[in-house]
Amino acid sequence: MPGDDLFAERLRKVEKLRAEGVPVYQIDFSPSASIAEARARAGGGAEDAVSVAGRIMRLRPQGGAAFADLEDESGRMQIWLRADHMGDAYRIVGSLDLGDIVGVAGTLTKTRRGEPSVLADSATLLVKALHPPPEKFHGLQDQETRSRKRYLDLLSSEDSRRHFATRTTILRSLRRTLDSRGFLEVETPILQTIAGGGAAVPFMAHWNALHTDVYLRIAIELHLKRLLVGGYARVYEIGRVFRNEGLSPRHNPEFTLLEAYQAYATYDDMRVLTEALVVDAASAAGPQPQTDDAGEPPCENPMLRRFAGRTIDLTPPYAARRMADLIEEQLGVDVVDRWDDMYRVARELGVDVPAGHGPGAVMLEIYEQLVEPAISDPTFVLDYPAEVSPLARKRKDDPRFVERFELVVAGRELANAFSELNDPIDQRRRFAEQAAMRAAGDDEIPPIDEDFLEALEVGMPPAGGLGVGVDRLVQLLTGAGSIRDVLLFPTMRPQHRTAIAHEPLAHESPSERAEEG
RNA sequence: GCCCCCUUAGCUCAUCGGUAGAGCAGCCGGCUUUUAACCGGUUGAGGGAGGUUCGAUUCCUCCAGGGGGCACCA
């Protein structure tokens with residue numbers, strides 16, 4: 001109820017204004033300048049007429065005059081309202097609350113203290129805010145509320161707005177880098193009957209008209225390869241994929257994946273492309289704007305980023321090392337030499353591996369547990385075991401391995417690429433091996449996608465393929481410790497589960513209901 | 001799914017086995033160059049449900065949400 005008191009108070013003001021014939025939700029107001037423009041002109045000594053609009057972030061009434069700090073996306077500026085200047089129109093001041101959106105027409109000026117201001121001739125209430133904004137000095141601190149009600153976070157924090165705008169800057173950079181290399185941006189289905197292209201449990205949805213279940217995609221890969229079969233030489237998609245997994249600071253059930261495929265290229269070409277994508281994005285994002293948690297001073301070089309307590313140097317070229325070599329260097333074990341003895345190797349190293357794995361999967365386990373976390377600066381880890389890479393081309397010199405790399409930064413996988421497998425017979429055999437694992441109970445292995453195999457049978461040019469975890473890249477470039485800090489609306493648990501569970505399922509669309517209603 | 005921690009007023013924070021205190025916001029009043037405006041007055045609260053106790057916000061159990069870790073995660 002106490003929260004309702006504030007709400008009720010503002011509703012009361014709405015009623016009062018309406019009774020006086022003052023519109024509370026205006027639609028007509030065209031500011032002549034953004035607040036940043038107006039502020040710059042006033043600061044430069046201009047005294048011409050101007051009109052601005054924005055949200056009231058601070059309000060300092062003092063009897064016959066009042067000062068309001070108005071904020072729009074461009075910035076913040078003081079409005080100076082004077083009774084002796086506005087006459088009757090000054091009454092509006094009594095109706096204004098923090099959070100209201102107002103339009104102000106007046107004259108640019110500076111106060112005695114030198115503050116650039118708009119001396120108001122008139123002030124128009126454009127939107128009455130019925131809820132009070134977060135605390136004007138400390139802002140919104142509660143992490144949960146910031147995520148759930150992102151609008152409050154954004155409206156009370158310029159840092160937050162800048163932070164998410166940087167995400168867009170990075171996304172633009174990724175597109176620019178690919179576009180400039182002749183890649184065609186495409187869009188492929190999210191609703192799929194088989195969610196393939198990776199190993200993950202998909203989300204399920206129901207298609208009423210066909211009385212059939214469909215899945216949300218877990219990867220983009222198989223459709224982009226179909227497009228290579230169709231004759232496009234370079235395609236990419238930046239889009240949302242969905243994986244039915246738990247939440248963590250590094251995982252959100254829906255996340256943004258960039259996948260790019262290039263005909264007549266290998267994973268070596270993808271390495272060059274990956275490096276360009278990261279370096280361009282880092283340049284676009286610019287130097288890190290602020291000190292981080294560790295209190296390190298900001299650095300002017302956009303290639304140096306503080307992240308996860310480490311300083312990361314993104315200056316190319318990046319190291320490129322074979323996984324087997326990294327293991328041998330750091331652990332002193334030649335896993336290629338002891339291939340058939342891999343379980344014993346794992347045991348010797350203290351790596352816990354579930355039974356039933358082949359040597360390749362065990363080797364990957366060793367790498368992921370003991371080697372990967374220590375990698376800090378960007379490193380291309382080359383040549384994964386074929387066993388764990390069903391869609392990649394095997395190495396000619398050693399078919400136990402495939403031409404595949406992951407780009408690892410700060411101990412985390414940022415990108416994944418391979419020379420794509422385009423032998424439909426080999427692909428069918430490897431899918432069959434995977435299918436056996438699915439039959440054995442691994443529900444992360446998708447069923448065999450016959451349509452994709454048929455496409456390969458038509459003939460896919462040799463190609464390199466690349467996937468980039470865009471959210472993780474944005475985390476790296478913004479220093480965000482949690483993936484939730486780079487998603488405007490991260491996935492959250494519903495707050496009132498029982499209420500939702502009791503809600504009857506609506507099988508009709510809103511428009512159908514409207515027609516009936 | 002498991003473990004640890006957190007949840008106090010609209011917001012930001014205190015306190016405590018003895019009935020909760022402040023700042024901002026709100027309300028009333030004052031104030032025509034302020035800017036986290038100021039001055040006086042004032043309303044408002046311990047996530048939910050149980051339990052222990054003379055008495056619980058505090059201790060215990062369960063539930064919900066959040067944070068972190070693990071598991072899961074190409």
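Throughout, protein chains are lettered first and strands after them, A, B, ... in sequence-line order, and every chain is numbered starting at 1.
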With sugar-phosphate meaning primed atoms plus P, OP1 and OP2, does A/Gly197 contact a base, only sugar-phosphate, or nothing at under 4.0 Å between heavy atoms?
base
Between A/Arg58 and B/rA25, does any side-chain N or O lie under 4.0 Å from OP1 or OP2?
no
Tell me which nucleotide, if any, is Watson-Crick or G-U wobble paired with B/rG26 when both distances must be under 3.5 Å.
B/rU42
Measure from the side-chain heavy atoms of A/Arg493 and tell me the nearest of B/rG26, B/rG65, B/rU12.
B/rG65
Salt bridge or not between A/Arg12 and A/Glu15? Use side-chain N to carboxylate O under 4.0 Å.
no
Closest to the A/Arg82 side chain: B/rU34, B/rC27, B/rU33?
B/rU33
If you only use heavy atoms from C-beta on, which nucleotide in B/rU12, B/rG69, B/rC72 is closest to the side chain of A/Arg250?
B/rG69
Is B/rG68 in the syn or the anti form, by the rule that syn lies within 90° of 0?
anti
Give one of base, sugar-phosphate or nothing for A/Lys110, where a contact means two heavy atoms less than 4.0 Å apart.
nothing
Spacing of OG belonging to A/Ser147 relative to CG belonging to A/Leu152, to within rounding of 0.5 Å
12.0 Å
Could you go step by step and tell me if A/Arg41 and A/Glu37 meet the salt bridge (charged side-chain N to carboxylate O under 4.0 Å, His left out) rule?
CA-CA 6 Å; A/Arg41 274 161 51 198; A/Glu37 289 163 3; 5.5 Å; no
Regarding A/Lys136 and A/Asp69, does a basic nitrogen lie under 4.0 Å from an acidic carboxylate oxygen?
no
Want to settle it: does A/Gln143 or A/Leu364 sit nearer the 5' end of RNA chain B, counting the closest nucleotide to each?
A/Gln143
Note: for A/Pro249 and A/Ala200 on RNA chain B, the residue whose nearest nucleotide lies more 5' is A/Pro249
Between the base of B/rU33 and the side chain of A/Arg112, is one N or O donor paired with an acceptor at under 3.5 angstrom?
no
Quick note, A/Ser482 side chain, CB onward, closest among B/rU32, B/rG68, B/rG10 is B/rG68
Check every atom of B/rG10, B/rC31, B/rC72 against the side chain of A/Leu6 and return the nucleotide holding the closest atom.
B/rG10
Does NZ or CZ of A/Arg404 fall inside the cone over A/Tyr384's six-membered ring, less than 6.0 Å from its centre and within 45° of the axis?
yes
Ranking B/rG10, B/rU33, B/rA74 by distance to the side chain of A/Pro390, first place goes to B/rA74
For a quick test of reading the model: is some side-chain N or O of A/Lys136 closer than 4.0 Å to OP1 or OP2 of B/rU12?
no
For A/Arg484, answer base if it contacts any base atom (sugar-phosphate contacts may also be present), sugar-phosphate if it contacts only those atoms, and nothing otherwise; contact means non-hydrogen atoms under 4.0 Å.
sugar-phosphate
Shortest side-chain distance from A/Phe67, nucleotide among B/rA74, B/rU33, B/rC27:
B/rU33
Which of these passes side-chain hydrogen bond (donor to acceptor under 3.5 Å, both in side chains) with A/Thr188: A/Glu237, A/Glu259, A/Glu221?
A/Glu237
Go through B/rG65, B/rA74, B/rU32 for me and flag the one nearest to the A/Asn416 side chain.
B/rA74
OP1 or OP2 of B/rG67 versus the side-chain N and O atoms of A/Arg146: is any pair under 4.0 Å?
no
Under a 3.5 Å cut-off for both contacts, is B/rU58 paired Watson-Crick or G-U wobble with anything, and if yes, with which nucleotide?
none
B/rG10 to B/rC70 separation - C1' atoms, rounded to the nearest Å
37 Å
Of all the choices, B/rU34, B/rA74, B/rA25, which nucleotide is nearest to the side chain of A/Leu98 once you look at every atom?
B/rA25
Report yes if at least one side-chain N or O of A/Arg148 is closer than 4.0 Å to OP1 or OP2 of B/rG66; otherwise report no.
yes
Is there, by distance only and without an angle test, a donor paired with an acceptor across the side chain of A/Asp84 and the base of B/rU32 below 3.5 Å?
yes
Taking the six-membered ring for Trp, are A/Trp80 and A/Phe67 parallel (under 30°), tilted (30 to 60°) or perpendicular (over 60°)?
parallel
Under 4.0 Å, heavy atoms only, any strand: does A/Leu152 hit a base, just the sugar-phosphate, or nothing?
nothing
Starting the side chain at C-beta, find the nucleotide from B/rC27, B/rC24, B/rA74 nearest to A/Glu135.
B/rC24
Phosphate OP1/OP2 of B/rA37 contacted by A/Arg60 side-chain N/O (<4.0 Å)
yes
Under a 3.5 Å limit for both distances, which nucleotide forms a Watson-Crick or G-U wobble pair with B/rG65, could you say?
B/rC6
Once hydrogens and angles are ignored, does a donor-acceptor distance under 3.5 Å link the base of B/rU33 to the side chain of A/Glu115?
no
Is the phosphate of B/rU33 approached by A/Arg113 (side-chain N or O, under 4.0 Å from OP1 or OP2)?
no
